[in-house]
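Dumping the structure here so I can ask a few things about it.
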Amino acid sequence: MSFDAADHAAMSRALRLAEHGLETTTPNPRVGCVIVSADGRIVGEGWHQRAGSAHAEIAALAQAGEAARGSSVFVTLEPCAHHGRTPPCADALIAAGVARVVSATRDPNPLVAGRGSERLHSHGIRTETGLLADQAHELNIGFFSRMTRGRPWVRLKAAATLDGRTALDNGVSQWITGTAARADGHRWRARACAILTGIGTVLSDDPQLTVRDVPCVRQPWHVLVDARLEVPLDARLLRNGPCLIATAVSNPDKQARLAELGAEVIVLPNPAGKVDLATLLLELGQRGCNELHVEAGFKLNGSLMREGLVDELLLYLAPMLVGDHAIGITNLNALSHLDDATRLKLHDVRMVGDDVRMIARLRNT
């Protein structure tokens with residue numbers, strides 16, 4: 001299947017439109033759509049803004065009107081063929097009389113998964129898939145994760161020195177990186193469905209874990225791993241939107257008081273008496289969490305890494321050295337052989353202000 005330069009340009013435009021929903025569409029995917037008339041003019045554009053609002057195809061068709069008849073439609077995700085909060089987009093495209101639909105990727109949702117393209121094809125519409133598929137997958141990497149693995153894409157963020165230290169041995173960590181890196185970190189918070197941290201971080205730093213340094217229209221909800229349910233009732237985390245607390249013990253009195261503050265407690269013990277992290281991720285997937293942003297201490301970071309639950313590391317490295325006695329990113333086990341090391345694949349490396357931002361993915365993801 002071959003696509004020409006005009007096809008690439010139209011799908012590139014659709015991807016840029018989809019990015020407008022980067023922070024707002026959860027739990028839905030980010031989708032953009034461009035409608036091109038037979039003579040090569042863009043006659044309609046649209047993007048999905050939030051769950052319950054018009055899908056990208058519907059918004060683009062509304063703009064195109066009668067000009068959609070006989071057109072080519074470029075959409076970053078296969079049109080849906082099922083009734084959810086809105087009617088099927090495939091039916092709307094059929095009714096509009098479009099001639100061709102190009103999807104960047106097939107929809108991983110089992111309710112769609114090829115059915116949209118099949119319905120279009122059955123009505124004589126030419127369907128093609130795979131144009132700029134990698135870019136489209138990256139845009140919705142969390143949605144693909146939830147649909148295929150039942151759990152969110154887990155992004156572990158840390159700010160560290162060049163020798164891999166996140167804080168001095170006395171706990172001081174503000175600020176290792178500069179203002180540009182901190183603002184960039186908040187952009188990654190903003191696109192996440194939820195932010196996860198551990199009780200150690202709450203007790204030592206009392207973080208807000210909100211998006212503050214960049215514009216934001218939707219605050220991610222919070223997830224706290226707190227095995228013994230030690231969270232103080234005046235913790236700032238509890239005052240900044242919905243909070244889900246995963247614990248290993250049942251404490252009805254504390255749970256009732258937390259519920260009064262708007263927090264929900266779920267009891268998920270593992271055989272060691274700690275929180276079952278793998279089960280927690282599945283629970284988050286069931287609640288519609290596509291991307292989980294982790295900002296935690298080295299112990300919880302280490303547990304997530306050892307259990308193979310981290311998909312990528314978002315690291316900001318500052319040009320300073322603080323020595324071996326400072327605190328590291330994780331508390332991974334000591335190794336005797338390099339063959340046992342956790343292998344990463346660099347996905348993106350760039351300067352952000354005076355710091356280096358590195359995105360590294362686990363090789364098994």
Side-chain angles (χ1 to χ4, degrees), residues 18-31 47-53 138-147 149-159 181-202 205-226 231 235-246 258 261-266 268 275 277 280-297 300-301 304 309-316 357 359:
E19 289 175 356
H20 289 307
L22 193 66
E23 302 171 8
T24 61
T25 63
T26 178
N28 289 354
R30 301 136 179 165
V31 184
W47 54 281
H48 182 48
Q49 297 184 28
R50 61 184 57 83
S53 69
E138 282 294 323
L139 185 63
N140 283 307
I141 197 164
F143 181 74
F144 275 83
S145 174
R146 181 165 67 86
M147 288 295 150
R149 304 187 298 177
R151 70 172 184 82
W153 179 263
V154 178
R155 181 178 295 117
L156 192 158
K157 179 260 182 181
R182 294 198 295 275
D184 191 71
H186 279 240
R187 290 187 187 93
W188 287 93
R189 281 186 184 180
R191 68 173 283 168
C193 302
I195 302 174
L196 179 143
T197 195
I199 186 60
T201 299
V202 170
D205 296 339
D206 192 20
Q208 297 182 69
L209 290 186
T210 54
V211 181
R212 302 182 303 279
D213 291 353
V214 295
C216 178
V217 297
R218 174 200 59 88
Q219 288 288 343
W221 42 288
H222 296 135
V223 182
L224 173 62
V225 176
D226 182 5
V231 58
R236 293 197 294 176
L237 193 74
L238 302 175
R239 303 200 301 266
N240 291 304
C243 183
L244 179 69
I245 302 173
L258 288 167
L261 297 173
E264 180 184 356
V265 177
I266 53 174
L268 299 175
V275 173
L277 297 174
L280 173 59
L281 293 188
L282 292 175
E283 176 69 26
L284 295 179
Q286 292 175 2
R287 292 170 182 250
C289 182
N290 293 329
E291 294 185 19
L292 181 65
H293 182 92
V294 178
E295 292 195 26
L300 181 53
N301 287 348
L304 290 165
L309 302 177
V310 175
D311 295 308
E312 74 180 11
L313 301 177
L314 172 64
L315 302 179
Y316 297 90
R357 189 190 77 189
I359 298 175

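Here the structure is a predicted model, which means the values were calculated and not measured. Note that these values count all heavy atoms, side chains included, but never hydrogens, waters or copies made by symmetry.
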For Asp213 and Ala183, work out which heavy atoms get closest and say how close. CB-CA, 3.9 Å
When you compare the side chain of Val231 with that of Leu258, does any pair of heavy atoms fall below 4.5 Å? yes
Pair Asn301, Val294 - check side-chain contact (heavy atoms from CB on, under 4.5 Å), show working. CA-CA 8 Å; Asn301 287 348; Val294 178; 3.9 Å; yes
Which atoms form the tightest heavy-atom contact between Gly52 and Asn28, and what is the distance?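 For Gly52 and Asn28, the tightest heavy-atom pair comes out as N-ND2, 4.4 Å.
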What distance do Leu315 atom CG and Leu156 atom CG have between them, rounded to the nearest 0.5 Å? 8.0 Å
Given 3.5 Å as the limit, does a donor-acceptor pair link the side chain of Asp226 with the main chain of Ile199, or not?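 Pair absent, no side-chain N/O of Asp226 close to backbone of Ile199.
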Measure the shortest side-chain to side-chain distance between Cys243 and Leu237 over non-hydrogen atoms and say whether it is less than 4.5 angstrom. yes
Is Asp206 reaching over with its side chain to a backbone N or O of Arg236, donor-acceptor style, under 3.5 angstrom?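 Side chain of Asp206 to backbone of Arg236, a donor-acceptor pair under 3.5 Å: yes, one is there.
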Out of curiosity, Glu23 CD to Gln219 CD, how far, rounded to the nearest 0.5 Å? 9.5 Å
Looking at CZ of Phe143 and SG of Cys193, how far apart are the two atoms once the value is rounded to the nearest 0.5 Å?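 Going from the CZ atom of Phe143 to the SG atom of Cys193 covers 11.0 Å.
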Min side-chain heavy-atom separation Ile245-Ile266 under 4.5 Å: no
Looking at every heavy atom in both Val275 and Ala246, which two are closest together, and how far apart are they?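 In this case the closest contact between Val275 and Ala246 is CG2-O, 3.4 Å.
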Atom pair CG (Asp184) and NZ (Lys157), whose distance is rounded to the nearest 0.5 Å: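 Going from the CG atom of Asp184 to the NZ atom of Lys157 covers 9.5 Å.
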Distance-minimising heavy-atom pair for Arg191 and Leu139: NH2-O, 4.0 Å
Please check this pair: side chain of Thr201 against backbone of Gly297, looking for a donor-acceptor N/O pair closer than 3.5 Å. yes
How far does CG of Leu268 sit from CG of Leu277, to the nearest 0.5 angstrom? 9.5 Å
May I ask you to test the Leu309-Leu281 pair for a side-chain heavy-atom distance under 4.5 Å? yes
Please confirm whether the backbone N or O of Gly285 pairs with a side-chain atom of Arg287, one donor and one acceptor, at under 3.5 Å?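 Pair absent, no side-chain N/O of Arg287 close to backbone of Gly285.
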Roughly how far, to the nearest 0.5 Å, is CG of Leu282 from SG of Cys289? 12.0 Å
Among all residues two or more places apart in sequence or in another chain, which pass the ring pair (Phe, Tyr, Trp, His ring centres under 6.0 Å) test with His20?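 Partners of His20 under the ring pair (Phe, Tyr, Trp, His ring centres under 6.0 Å) test: Trp47.
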Side-chain heavy atoms of Thr25 within contact of Gln49, under 4.5 Å: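 Heavy-atom side-chain distance check fails, nothing below 4.5 Å.
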Does a side chain donor of either Arg30 or Asn140 reach within less than 3.5 Å of an acceptor in the other side chain?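 No, no side-chain donor-acceptor contact under 3.5 Å.
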I would like to know whether Trp221 and Leu244 meet side-chain contact (heavy atoms from CB on, under 4.5 Å); could you show each step before the answer? CA-CA 8 Å; Trp221 42 288; Leu244 179 69; 4.3 Å; yes
Let's go through Leu209 and Arg189 carefully: what are the C-alpha distance in whole Å and the side-chain angles of both, what is the deciding distance for side-chain contact (heavy atoms from CB on, under 4.5 Å) to 0.1 Å, and is it a yes or a no? CA-CA 8 Å; Leu209 290 186; Arg189 281 186 184 180; 3.6 Å; yes
Would you indicate whether the side-chain heavy atoms of Trp188 and Arg357 approach each other to under 4.5 Å? yes
Which is it for Asp311 and Arg155 under the side-chain contact (heavy atoms from CB on, under 4.5 Å) test, yes or no, and what are the steps along the way? CA-CA 6 Å; Asp311 295 308; Arg155 181 178 295 117; over 6 Å; no
Report yes or no: do Asn240 and His222 form a side-chain donor-acceptor pair below 3.5 Å? no
Residue pair His293 / Glu291, side-chain donor-acceptor N/O under 3.5 Å: no
Tell me whether His186 contacts the main-chain N or O of Val211 through its side chain, where contact means a donor paired with an acceptor under 3.5 Å. no
Main-chain N/O of Leu224 paired with Thr197 side-chain donor or acceptor, under 3.5 Å: no
For the side chain of Arg146 and the backbone of Pro27, is there at least one donor-acceptor N/O pair under 3.5 Å apart? yes
